[in-house]
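Here is the structure we will look at, set down as C-alpha cells.
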Amino acid sequence: MDELIASVVRGLGIGSTYALLAVGFVIIYRATKVINFAQPALMILGGYFTSLFATRAGLPFPVAVLLAMVAVAAVGALCERVALRPMVGEPPFAAAMVTVGVFIVLLIVAFRLIGTQVLTVGDPWGLSRTTVLGVSVAQVDIAKFVISLAAIGVVGLFLARSRLGLAMRATALDQEVALAQGVDVGRIFGLSWAIAGAMAALAGMLIGTASGGIEATTALVALKALPVIILGGLDSIKGSVYAGLLIGVAESLTRTYQPEYAPFLGANFDVVVPYVIMIVVLMIRPYGLFGTPEVQRV
Amino acid sequence: SDDAETGPGVSDDPCPDAVNADNGCIYLGVLSDLTEGPFAALAVPITDGQEAFWQRVNEEGGIGGYDVDITEFTRDTRYDPQEHSAAYREIEPEILALAQTLGTETTEAILGDMDSDDVIGAPASWWSGWNFEDNDNGLILESGYSYCLESQIGLDWFSENVAPPTSVLAVGYPGDYGGDSAAGVEAWTSAAGAEFAGFVETAPNATVGSQDAAIGQVLQSGADVVVLAVGPAETAEIVGGSAANGFTGQFLGSVPTWNPALLDTPAAPALQALYTNVAPWEDLDADTEAHAAIRESLGDELPANQGYIYGWIWSYPIRAALEAAVEEDDLTREGLRAVTDGLEVDFEGALPATTLGGDPNENVNRTAVINKPDPEAPLGLSSVATEVTGPSADSYEYAAACSG
Amino acid sequence: MLAVENLEVVYEDVVLVLKGVTLEVPRGQVVALLGANGAGKTTVLRAITGLLGVHRGSITKGSVRLDGAAIDHLDAPRVVAAGVGQVMEGRRVFAEFTVEENLRIGAHTAPGGALRAGLDRVFTLFPVLADRRIQLAGYLSGGEQQMLAIGRALMTEPAYLLLDEPSLGLAPLMVQRIRDLIVEINQQGTSILLVEQNAAMALSIATHGYVLENGKIVMDKPAAALLDDEDIREFYLGLREEGAASFRAVKHYKRRKRWLS
Amino acid sequence: MSAPATARPLLEVSGLTLRFGGMTAVDAVDFAVAPGELFAIIGPNGAGKTSIFNCLSGVYRPQQGSIRFDGEDLRGRRPDAVARLGIARTFQNIELFENLTVLDNLMLGRHQHLDYGPLAGLVYAGKARRAELTNRRVVEEIIDFLEIESIRRSLVGMLPYGLKKRVELGRALAMEPRLLLLDEPVAGMNLEETEDMARFILDIRTELGVTMVMVEHDMGLVMDIADRVLVLDFGQRIALGEPAGVQRDPAVIEAYLGAPP
Amino acid sequence: MSLTTDGARRRGLGRSGSVRGRPALYTSYAADQAIWNTPAKRVWTLALLVVVLALPFYLTRDVTSLLTTVFVYAIGGIGLNLVTGYAGQVSLGHAFFLGLGAYTAAVFGGEATGSEVGLGLDMAIWLPLAGIVPALVGLAVAPLAARVRGLYLAILTLGLVFIGQHIFNEADAITGGAGIGRAPAEPVLFGVDLTTRFVLFGTRINRDMVYYVLCLVVLLVLAVAARNLTRSKWGRAFAAVRDRDIAAEVMGVSLLRTKTLAFTVSSFYAGIAGALLSVVVGRISPNTWDLFLSIDFLAVVLIGGVATITGSIMGAAFVVLLPRLVDELSAYLPFISGSAGEGFLSVFQLQTMIFGALIVVFLALEPRGLYGLWVRVRNYWKAWPFSY
Ligand SMILES: Nc1ncnc2c1ncn2[C@@H]1O[C@H](COP(=O)(O)OP(=O)(O)OP(=O)(O)O)[C@@H](O)[C@H]1O
Ligand SMILES: Nc1ncnc2c1ncn2[C@@H]1O[C@H](COP(=O)(O)OP(=O)(O)OP(=O)(O)O)[C@@H](O)[C@H]1O
Ligand SMILES: CC(C)C[C@H](N)C(=O)O
Ligand SMILES: [Mg+2]
Ligand SMILES: [Mg+2]
C-alpha cells in the first residue's frame with residue numbers, strides 16, 4: 001500500500017512537470033496553430049540558466065528561478081521574432097518545420113553552454129523526504145506538484161480572463177481576420193512564445209532537480225509532453241493538467257509494477273505507456289479529453 | 001626512413017600547421033560524437049585527448065619522417081550509423097587509418113567498408129566484440145579490458161577487499177555496454193557461486209525521463225552489490241535515489257559512469273558512501289609516464305572529465321602500428337593492416353604491455369584500477385587499488401563476444 | 001475623408017489588379033463601390049486596411065489617406081486603431097468562437113468600458129445573435145454569420161466602416177434591415193464605403209457611387225445620377241426600357257458590354 | 001412547364017426533423033419533388049434550408065422522418081453512398097478544391113464513374129487510362145456547356161467568385177445526377193452573372209432533364225423559374241405552392257419577403 | 001487571342017488562363033494527359049536521366065553513395081508526400097514504417113547468425129516484401145488514423161514510432177537489440193551478389209555504383225507510379241479529402257477508403273526506402289527509426305514542396321546533401337577552429353547550427369518549397385522580358 005502511494009506521489013510530481021511543459025506547447029498552439037518543436041531546447045536552457053544563477057552566481061534559489069524564466073522568455077520571444085514571424089500566414093506545418101530548425105540551433109547553444117557538464121540547479125529539496133499522512137514522500141515531488149500547478153493556474157487565469165487571451169485564440173483561428181479586428185498578430189506571437197518560454201524554463205528547473213543532475217541531452221524529456229497535449233486536447237490548458245497528471249501517474253505505476261507483474265512487455269515499457277493511453281483515448285475522443293472539435297459545416 | 005612505401009592518407013607535404021615543417025604527413029580520421037549525440041559530453045574530451053596525444057608524437061619528431069594529423073578529417077557523426085558510414089566514405093580516400101571510431105553500431109556500420117579498404121582503427125568503446133576477429137576482422141585496435149571483464153574484475157576485487165557478494169544485480173543500457181557488463185556479472189556470479197539477481201535494462205534519461213524504474217528494481221532486488229553500466233547522471237540518480245529509499249548495498253560503476261560534476265549533485269554523499277568506480281587505467285594524478293605526459297599536455301587546465309585520458313590512451317595501439325609499419329617500410333594501408341596481428345603495444349605504464357590479435361583468451365588485458373569518489377582528486381576520483389586482477393576474471397574462458 | 005489616390009496593386013509580384021484607382025469617402029457619407037466579380041473591389045478594401053500582405057499583394061503606386069494622413073504603409077492593427085473598421089468578404093467569423101467571443105474580439109482595440117455598450121447595441125440590432133450568444137459561430141446559418149460579421153465590426157464604433165458585400169446571402173427582409181441599419185450607422189456618424197453586388201440597394205442609400213471594372217474606375221457619379229444612367233440601369237439594376245424581363249427570355253446569345261476604354 | 005402532379009415523386013421527404021442540442025433546425029417538414037421538377041426552398045436566414053440539403057446529402061443525420069429517393073431510403077447512408085445513388089449538390093459557401101484546376105475539380109465529380117482500382121492507378125495504363133479518357137470527354141462536354149473552356153487549367157482558387165460558382169455547378173453536373181441540389185446558386189452575383197446562371201439552370205432542366213431543388217434568396221429568380229416553392233420559417237413549413245400564390249401569402253410576406261420596396 | 005473566349009478576356013482572366021503561357025495545342029486528350037505532355041518536358045527528362053546515369057563515373061565514391069542516399073530519401077519522401085502532401089494526413093510515423101521495411105528485408109534477405117533470424121532470400125523477394133509488410137501494417141492502422149485529424153493525427157502516428165522503437169529494442173532475435181543492431185539484408189539480386197566488383201566495358205564498377213543504379217531504378221519506377229497515382233482518380237480523391245473532406249464525401253469519395261489507400265501506399269514506399277537505406281548504410285540499429293528520422297522526412301516533403309513528386313526528390317537532395325555542403329563550406333570560414341573542443345563554437349557545432357538556420361531561412365523565404373521556387377524561376381523566364 002505504501003508502495004502504491006509512493007508511486008502515485010512520484011507520478012503526480014513528474015506528471016505536473018509534464019503538464020507544465022504541455023502548457024507551453026498549448027499556448028503556442030493556441031496562438032499560432034503551430035506545434036513548437038523547439039520547446040525541449042527552451043526547457044534545457046531553463047535548467048541551464050537556473051543552474052547558472054543559483055549555483056554559479058549564488059543567487060537565492062527563487063530569484064534564480066525567476067531570472068531564468070525571464071531569460072528563457074526573452075530567448076523564446078527572440079526566436080519568434082527572428083524565425084517564426086516571417087512564417088505568419090504560411091501553413092502551420094511549414095512553421096512547425098521552422099521550429100525544428102530553431103530547435104537544432106538552440107540545442108547546439110545549450111550544448112555549447114552546458115558542454116560536458118552534468119548540471120545541478122541548486123534546488124533546496126535535494127533528496128530530502130517528508131512524511132505526509134504516514135507515508136514518506138520526496139519533497140521534490142511535492143515541490144513539482146505545487147509549483148507547476150500554481151504556475152499553470154496563473155497563466156490559465158490570464159488567458160481566460162484577459163483580452164489578450166481571446167486575441168491569442170483568435171490569432172490562431174484566422175490571422176487575417178484577427179488583424180482586421182485590430183489584433184497585433186506579431187505581438188501576440190511574441191507574447192505566446194515568451195510565456196511558453198517561461199513555462200519551459202520552470203519545467204527545466206523542475207526536471208533539473210533530479211538527484212543526478214541534468215545533461216544537455218536531457219532536453220529530449222520535453223517530448224514527453226507531446227502525448228500529454230494530445231490526450232488533454234491541443235488547445236486546452238485544463239486538458240494539459242489532467243492529462244499530464246494522468247500520464248505521470250500511469251508512467252510511475254508502470255515503472256513500479258510492470259517489471260514485476262508484466263515483464264513480458266519488455267524493459268522500459270513506461271516510455272510507451274503515454275502513447276498507448278493517448279491512442280486508446282483518441283479512438284474514443286478524436287479531440288482528446290478536453291480539446292475543441294474543429295467546427296465543420298457546409 | 002623517408003623511403004617507406006606509401007599510399008592514401010600519407011603525403012610528402014607537411015601537415016597543415018605542422019610541428020615539423022620538413023616532415024610529411026600522415027592523415028588519420030576521427031569519427032566521433034561531437035555535438036548533439038548521446039555521448040557528446042564524453043566524446044569531445046576524448047577527441048581533445050587524442051589531438052594532444054598526436055601533438056606530442058609530432059613534437060617528439062613524428063613517426064618515420066611523418067607528422068600525424070587527426071584534425072583535418074575529424075567528423076561529427078552523432079552516434080548515428082548512417083552519418084558514420086557517410087562520413088567514413090567521405091574521408092576514406094584521404095586517410096591512412098582511423099584514430100577513433102566511436103560506438104559499436106556505428107563502427108559495425110563501416111566495418112565492411114573498412115575491410116575492403118584495409119583501413120584499421122581505434123575504437124572509442126570497450127565492447128568485448130573488438131577482441132575477436134569474428135567481429136572486427138582484426139581491424140579494430142582496442143585498449144584495455146572489455147566491459148564484460150570489467151565487471152568481473154570489479155566483483156573479484158570487491159569480494160576480496162570488501163565482502164563477498166551474495167546477490168549481484170546488473171543495471172545498464174542493453175547491448176554493447178550494459179549488456180556486455182551484465183554478461184560479465186552473470187559469468188562472475190555463476191563462477192563465484194553467488195546469486196545473479198538479474199539485469200535491469202534501463203536507458204538514458206533523455207529517453208526514459210528518470211531512473212525511477214531502475215531504482216524501484218534495485219530496491220526490490222535484495223542484491224547487496226549492483227553493477228552499473230549507464231551514464232553519469234543516471235548513475236548519480238540511481239545511487240542517490242536508492243540510498244534515499246533506504247538501500248544499503250554497494251554500487252560498482254563501469255568506467256563511463258563517472259563525471260567529476262557528480263560531486264556537486266545532491267547524490268554526492270550517497271556516491272561517496274556507496275559507489276566504487278572500475279576503470280582500465282588510473283586517473284589523472286597517476287604516476288606513470290603516460291599520465292605524466294597527459295598532465296604536461298594539459299598544463300594548468302583540467303579536462304571536463306576522464307574522456308581526455310581515454311582518448312589519449314586509446315591512441316597507443318595506432319601509434320604502435322604506425323611505427324611497426326614504418327619499420328617494415330610499408331606505410332600503406334595494407335602494410336599497416338599486416339602489422340596489427342601480434343602487434344606489441346606499449347602504453348607507457350598506463351596499461352600493461354599488450355599483444356593485439358592472436359588468441360584473445362591469452363592476450364586480452366585483464367587488469368583494472370579501482371577508484372573511489374574523492375572531492376580532493378582533480379577529476380573527482382582517486383585510486384584505491386591498481387593493476388587489480390582476480391580469480392574469476394582470470395579464469396574466465398574468453399571465447400566470443402559477451403553480447404551481440 | 002478617406003481618400004484613395006491613383007492606387008496600383010500587384011499580387012504575387014506579377015498580377016496587376018488595380019490600375020490607378022482614385023476614390024473618396026467624405027466624412028459622414030455613404031459611398032457605393034460597384035463592379036463585376038473580380039473587378040478588384042475587395043482589393044481596394046484590402047489596400048485601405050493593410051491586409052494586402054496576407055494575400056501576397058502590395059501597393060506599387062498611389063496612396064491611401066485618412067483625413068489627410070497617409071495610411072498605406074500602416075499595418076492592419078494600426079489602421080483599425082485609426083478608426084477604420086471593416087466587414088470582410090465572405091463573413092469570416094471565427095467558427096470556433098462563440099457568438100459573444102466573436103463580438104468581444106471585435107472590441108479588441110476599443111477602450112475598456114466600450115464592450116458592454118457595444119454588445120448591447122449589437123444585440124439590439126440583431127436579437128437572433130443575443131439568443132445564440134453562447135453558440136459556436138461556425139454552426140450559425142449563412143445569414144446569421146453575416147449579421148455577426150457586421151455586429152463585430154460595429155463593436156469599435158469606427159469612424160469609417162468598409163462593408164464588403166454585406167447583403168450577400170441574406171433574405172430579402174434581412175437585406176432591407178441591413179440597408180436600414182447602414183443608414184442608421186451612418187447617421188450615428190460613421191462614414192461608409194459600401195461594396196455591393198446588389199446595386200439597387202447600394203445606390204438607394206449612397207450619396208455617391210463608383211463603378212470599378214477591370215481594376216479601373218469607369219464611372220464616378222453622384223448616386224442619383226448613376227440610378228439614371230442607362231448602362232447602370234441595364235447592367236446593374238436589370239431595368240430595361242421595356243421593363244423587367246423574365247430570365248426565361250434571356251437568350252443564349254452573349255449580351256455583354258464593356259465600359260473599358 | 002409545371003411538373004405533372006401524378007407522376008411518382010423522385011424525392012419524398014416526410015416528417016423530417018433535425019435538432020442540434022435544444023434547437024430544432026428542421027421541424028417535421030414534408031414535401032415531394034416530382035421528376036423533372038424545379039423545386040425551390042426559401043425562407044429567412046437560419047430557417048433550415050441548408051440543413052435540409054445536408055440531410056438529403058447525408059452530411060447530417062436527422063432524428064426523425066424519412067427521405068426516399070426514387071424509392072430508396074436515404075437515412076443512415078453516408079454522403080458518398082448518397083452520391084452514388086445520383087444526388088449531387090452545390091454549396092452555399094463554395095466548397096471547391098481550391099488547389100486543383102477546374103478540370104480536376106470536374107473530374108472529381110466523375111469519381112464514382114471511374115471504376116478502376118488503386119493498382120490500376122499506379123500503372124495508369126489500359127483500363128485506368130481508358131477510363132480517364134472517356135470521362136475526360138464527358139467533362140469536356142460539361143465545360144462546353146458551361147462555357148468555361150478558357151479556364152480549364154486555372155487553379156480554382158484564383159478564379160473570381162462568379163466563375164467559381166459556375167465551376168461548382170459543373171462539378172455537380174459531372175456526377176450525372178438525377179437530382180441536383182443548388183444552395184444559393186446566384187448569391188453574390190451581379191445581374192449579368194445571375195442571368196447566365198439562370199440560363200444554365202433552365203438548360204440543365206430542358207437539355208439534361210435533371211430534377212432540381214434550389215435554395216435561393218433572389219426572389220426575382222425564384223419566382224421566375226421555379227415550378228413550386230416551399231417556404232420555411234424556424235424549421236417549419238409555412239407555405240408550399242406555385243410561385244404566384246406563395247408570393248401573395250401573408251405569412252410568407254410577414255416572415256420573409258417583407259413589404260415590396 | 002482567338003484561343004480565349006470573349007467572356008474570359010472581359011473578366012481579366014488572361015493572366016491565369018492561357019494567354020501568356022505558351023498555348024499548348026494537343027490533338028487528343030490522351031496526349032494532354034500524358035505525364036510528359038510536351039516535347040520540352042520529354043527532352044529535358046531524357047537529358048537529365050542521361051546525366052544522372054553518367055554521374056557516378058565522374059564522382060568519388062562517397063558522393064555517389066550520398067546521391068544513392070538521396071534516391072532512398074526521395075523514395076521515402078514521395079511516400080510521405082502521398083499521405084501528407086497529397087492526402088493531407090500529416091504523419092510523424094514514417095520512421096516506424098521505414099524500420100519495418102528494413103527489418104522485413106533483414107529477416108527475409110539477411111543471413112542467420114547465432115542470435116538473429118535470417119532466411120537469406122534473394123533481393124527479388126525481399127525488396128517487394130519490404131514494401132508489402134509495412135503496407136499491410138499501414139492498412140491495419142489506417143482505420144484508426146482516419147478517425148483523427150491534423151496534429152492529433154501527427155502525434156498519434158508519432159506513437160507508432162515510440163511503440164515501434166520499443167518493439168525493435170525488445171525483439172532482438174529480429175533486430176539484434178539496442179546498442180548492437182544487426183546486419184541488413186544481403187544485396188543479392190537474381191543470384192548476383194551486388195557487392196562484388198564488376199567490370200563493364202573495361203570500367204570497374206564498384207559496389208557504390210551498383211547501389212546507385214539500383215536505387216535510381218527503384219526510385220524512377222516508384223516515382224512514376226506515384227505520379228500516375230496522383231493524376232488518377234485516387235490522386236484527385238487525395239486532394240479532395242485534404243482540402244475539404246465533407247465536400248469530397250458529397251462528391252462520392254469515401255473518406256475511409258481514400259485515407260486507407262494513402263496510408264497503405266505511403267507505408268509501402270517507406271518500407272522500400274527503409275530496406276534500401278539499411279543496405280546502403282550497412283547496419284540496422286533500432287535507434288535509427290526515431291522521431292528525428294520522421295522529421296527528416298517531413299523536412300523532405302516541406303522543403304521540396306507539398307504535393308509534388310519532383311519536389312520530394314529535390315527535398316531529399318536538400319536534406320541529404322545540405323550537411324555535406326555546409327561541411328565543405330565551413331572550410332572557408334576563417335574564424336572557427338577545426339578541432340572538437342576549442343574555439344567559441346567548434347566547427348561541428350557551427351555546421352549543425354547552420355543546418356538548422358538554413359532550414360529556417362529557406363522555409364521563411366520560400367514556404368512553398370524548392371518546387372515552388374523552381375516554378376517561380378521557370379515562370380519568370382517564360383514571362384521574360386515582360387513583367388506584369
Ligand atoms: N491573392 C491573390 N493572388 C492573385 N490574384 C488575386 C489574389 N486575390 C485576388 N486576385 C485577383 O484579383 C482580381 C480582383 O480580385 P478582387 O477580389 O479584388 O475582386 P472583387 O471585385 O472583390 O470581386 P468579387 O466581387 O468576386 O468579390 C481577381 O481577378 C482575382 O483573381
Ligand atoms: N452543425 C450545426 N450545429 C449546430 N447548429 C446548426 C448546425 N447546422 C445548422 N445549425 C443551425 O440550424 C439553423 C438552420 O441553419 P441552416 O444553415 O439550415 O439555415 P438556412 O436556412 O440555410 O439559412 P441561410 O439562408 O442563412 O443559409 C441555424 O440556426 C443554424 O445555426
Ligand atoms: C566511451 C563511450 C563512448 C562508450 C560507450 N558507452 C560505448 O560503448 O559505445
Ligand atoms: Mg581487435
Ligand atoms: Mg443556408
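Here is how names work: the chains are called A, B, and so on, in the same order as the sequence lines, proteins then strands, and each is numbered from 1.
- Under a cut-off of 6.0 angstrom, the local environment of OH in A:Y242 is sparse, with at most 12 non-hydrogen atoms contributed by other residues, nucleotides or ligands.
- Within a 6.0 Å radius of CD in A:E260, other residues, nucleotides and ligands contribute more than 12 heavy atoms.
- In this structure, chain A has heavy atoms under 4.5 Å from both the backbone and the side chain of B:E201.
- With values rounded to the nearest 0.5 angstrom, B:N245 atom CG is found 7.0 Å from A:S136 atom OG.
- The two atoms that bring A:R129 and B:A244 nearest to each other are CD-O, 3.6 Å, heavy atoms only.
- Within the model, atoms CG of B:D212 and CG of A:D270 stand 9.0 Å from one another, a figure rounded to the nearest 0.5 Å.
- With rounding to the nearest 0.5 Å, the separation of CG in A:L107 from OG1 in B:T35 is 8.5 Å.
- The line from CD1 of A:I214 to OG1 of B:T265 is 12.5 Å long, rounded to the nearest 0.5 Å.
- Atom CD of residue A:Q258 and atom CD of residue B:Q217 lie 8.0 Å apart, to the nearest 0.5 angstrom.
- Between A:S211 and B:P266, the closest heavy-atom pair is O-CD, 3.3 Å.
- In this structure, the side chains of B:P204 and A:T217 stay at 4.5 Å or more apart for every pair of heavy atoms.
- For the residue pair A:R255/B:S210, the side-chain donor-acceptor check at 3.5 Å is satisfied.
- Screening B:P232, B:P260, B:P303, B:P45 for a side chain to side chain contact (heavy atoms under 4.5 Å, CB included) with A:T116, the sole residue that qualifies is B:P45.
- Considering only heavy-atom pairs separated by less than 4.5 Å from chain B, the leading option among A:V118, A:N268, A:I114, A:I104 is A:N268.
- In this structure, chain A has no heavy atom under 4.5 Å from any part of B:Q211.
- Taking every heavy atom of both residues into account, B:A40 and A:F111 meet most closely at CB-CE2, 4.1 Å.
- Of the two parts of B:D264, the backbone and the side chain both hold a non-hydrogen atom closer than 4.5 Å to a non-hydrogen atom of chain A.
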List the atom pairs, with distances to 0.1 Å, where a side-chain N or O of residues 246-256 of chain B and a protein N or O form a donor-acceptor pair under 3.5 Å, not counting sequence neighbours.
{"unit_1": "B:S254", "atom_1": "OG", "unit_2": "B:E150", "atom_2": "OE1", "d": "2.7"}
{"unit_1": "B:S254", "atom_1": "OG", "unit_2": "B:E150", "atom_2": "OE2", "d": "3.3"}

